[in-house]
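Single-structure report; data block below.
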Amino acid sequence: MSKVIISSSYSNLEKYLKDDTQKYYYIPIDYVPAGIEIFFELKGYEKADISMAMEGIDYRKEYIDFIGNLNARYNSIYWLANSISYKGTFVFDLYAQLYNYYCVVSFIKKYPGNYVIISSNFILNKCLKRYCEGNKFDCRLLDLQNKKNRLVHLRRYCLSNLCFLLDGWMRKVLVFAYLRKNFKIIIDNKKTYYVIKSWADSRSFQKDNLYVDLFFGRLPAYLKERNIDFIILVGILDGYKEVVKKIKNVKGESIIPQEHFVGYFDYIKVIFLNLINRPRIDKGLNFLELGIADLVKECLDKDYEYGEVNKNLLYYYYIKGFLKKVKVDKLVFTFENQSWERMIVSGIRKHSPSTKIIGYAHSSIRQSMLGYFCSPKEDDVIPLPDRVITIGLEPKLILATAGSYIKRIELEEGCALRYEYIFKRKPFNRNKNGSILAAFSIDIVSSLKLIRFLQHSLQDRAGAKIILRSHPFTPIEMIIKKYNITLDPNFQISEKKNFEEELKRTSLIIYTDTTSSIEAVMCGIPAIHVDFKEPVNSDPLFKVNSFKWSVFGKDELCNVIDYIYTMNDDEYLKRHSDAMDYLKRYFYPVEERYLKKFTAD
């Protein structure tokens, strides 16, 4: 009889397997500490490649159709407020968990043997145990003490609601205290406005109290030139009090925090409505012939525990309150087809149906951004803008194949408002003596994998200097400290704030899923994408092959680095030219012919 051991704990595994002489294969479902892998190597265990179980199956399409079915079944504003409905992964990555579940089950069924499964998700582990026991595997789950307790969920949910309430009321107080006089000047009830729904943080303000929009760039200036009355309705990303203070002193812009337009009671109302309208997941819910109700319910629990459903539903009341005070001709927002956007669109459709709604796909579009990709089964369910404007031709072509829902909207190529600065840069001269730059994304697990991969692959590379550059919201220092990582001597953490200055001393860039790779290629820096065989491709350069290489193993990385360094100049320049041809179609310059699409009827 095949034996399956499931755990998330290194100490539990070590105790259980210490005197076990059987041969096992190990299956790492998520990030596995180096200590566990070393232990397995010493025991002679081999790693199983469960991705083979997906051969012949278009899992991505199956998942998109599955979520489409759920959206059609549970169709309501309260369902659309959760992250499941737009296939989000920030709070709980249901896409990856279902992928892992299916792969593990299919693999151990097809290739009988003894397996050790390492997973930090207890609900997934419980599902695997249930499957194994139902199919006569000898199964041991070693982490019973971590069992999910409904009282724990209830406590977290109540605490989340309290924080949501107090934080919202605090923001209301701050807006009133600092900006109440501004609003009397900004809002004229007799005028009809163009509204930019944007985001602000400390980076949005320059010297002399000037505001720079991080997402819409020159659009406010363009509206001024055309004498179009406009309001910038902002969500504040961090440092709420400091940003509100800066908004008070801004010259020449009509900026209003979105919290101004909800009442104190609206926060209580949102909590209550989400509670009484919470979706009830069918216990018989199946995906690829596997019972997955517990995993879907876990994802929904996390949304409630972290307050995501409250934060998203509140956008309906932001826009409802806004439309009571402001007449809106057109409203543009950053389009990624997320839950909060659907709340805004729903609110406008109900309370100001004549308003033209424009979505701006403001950045690169990756295969992993599943919110963009929808099933025909949810075509009549998703609230959508009237028009979507992309940053260039290539993103438009990607969206054109994202689902039949696109037929309901006007899809146009616009310009790269956020990236106007890249058109001012010229490619650097080739640098064979520079450092190797590793650019990290916001995702912690992805960053951990990349650090380990690079240390394993480049530790013996004589003379190589590897610079680690953090994502602004996920500092490498924090990751190293939290996970007790010791960097090799040839690894250094970047101290340069300016990315362009960093690139000037770089020979090539290594990345997993950051848009820094695009900027690097545009500056003439070759890019190497490390493919960890994740459930979905997150490479922003997934259509570029001429000046970008994808690698999986240690030997592949070293071979590609050697190839780039020894490539002759003619091939180097030809590859860069081909990549630039693609990127010039991807990012259109900020010009009048594209800007006017934001104001066209």
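Looking at every heavy atom in both residues, S363 comes nearest to Y419 through OG-OH, 2.8 Å.
Contacts of Y588 classified as side chain to side chain donor-acceptor pair (under 3.5 Å), with partners at least two apart in sequence or in another chain: none. With sequence neighbours excluded, no residue satisfies side chain to side chain donor-acceptor pair (under 3.5 Å) with K47. Remark: Y16 pairs with K3, I5, R140, L142 by the side-chain contact (heavy atoms from CB on, under 4.5 Å) rule, at least two apart or across chains. Partners of A400 under the side-chain contact (heavy atoms from CB on, under 4.5 Å) rule, at least two apart in sequence or in another chain, are L411. E519 is linked by a side-chain contact (heavy atoms from CB on, under 4.5 Å) to Y421, I422, R425, F499, counting only residues two or more places apart in sequence or in another chain. Residues that satisfy the side chain to side chain donor-acceptor pair (under 3.5 Å) test with Y157, not counting sequence neighbours, are N161.
No donor-acceptor pair closer than 3.5 Å links the side chain of S435 to the backbone N or O of T506. Counting only distance, with no hydrogens or angles, the side chain of T474 and the backbone of I442 share a donor-acceptor pair below 3.5 Å. Although no hydrogens or angles enter the test, the distance criterion places no donor-acceptor pair under 3.5 Å between the side chain of N312 and the main chain of V309.
Salt-bridge formation is detected for the pair D294/R130: a Lys NZ or Arg NE/NH1/NH2 atom is positioned less than 4.0 Å from an Asp or Glu carboxylate oxygen. The pair E495-R469 does not count as a salt bridge, with every side-chain nitrogen at least 4.0 angstrom from each carboxylate oxygen. A salt bridge between D581 and R585 is absent, with no side-chain N of the basic residue lying under 4.0 Å from a carboxylate O of the acidic one.
S120 and S8 are not linked by any side-chain donor-acceptor pair at a separation below 3.5 angstrom, with hydrogens and angles left out of the test. Counting only N and O atoms by type, the side chains of D379 and S404 include a donor and acceptor under 3.5 Å apart. In this structure, a donor-acceptor pair under 3.5 Å is absent between the side chains of D443 and S441. In the model, S11 has a side-chain atom that pairs as donor or acceptor with a side-chain atom of S9 under 3.5 Å. Side chains of N71 and E378: a donor-acceptor N/O pair is present below 3.5 angstrom, by distance only. At a cut-off of 3.5 Å, with distance as the only test, no side-chain donor of Y315 or S339 sits close to an acceptor on the other residue.
Rounding to the nearest 0.5 angstrom, the gap separating the CZ atom in R73 from the CH2 atom in W79 is 9.0 Å. If you take CD on E477 and NZ on K482, they are separated by 15.0 Å, rounding to the nearest 0.5 Å.
A centroid separation of 6.0 Å or more is found between the aromatic rings of H471 and F440. Ring centers of Y372 and F335: under 6.0 Å apart, within the cut-off. Aromatic rings from Y572 and F547 are positioned such that their centres are separated by under 6.0 Å.
Around atom OH of Y25, no more than 12 heavy atoms belonging to other residues, nucleotides or ligands sit under 6.0 Å away. Environment of CG in N484: sparse, with no more than 12 heavy atoms of neighbouring residues, nucleotides or ligands closer than 6.0 Å. In the displayed structure, K43 atom NZ is contacted under 6.0 Å by more than 12 heavy atoms of other residues, nucleotides or ligands. Other residues, nucleotides and ligands contribute only 12 or fewer heavy atoms inside 6.0 Å of the NZ atom of K61.
Between Y511 and H529, the two ring planes are tilted [angle within 30° to 60°]. In this structure, Y45 and F39 have perpendicular ring planes: the angle between them is above 60°, well past the 30° mark. Ring geometry, Y131 versus F137: the interplanar angle falls from 30° to 60°, so the pair is classed tilted. Between Y26 and F40, the ring planes are tilted. Angles from 30° to 60° get that label.
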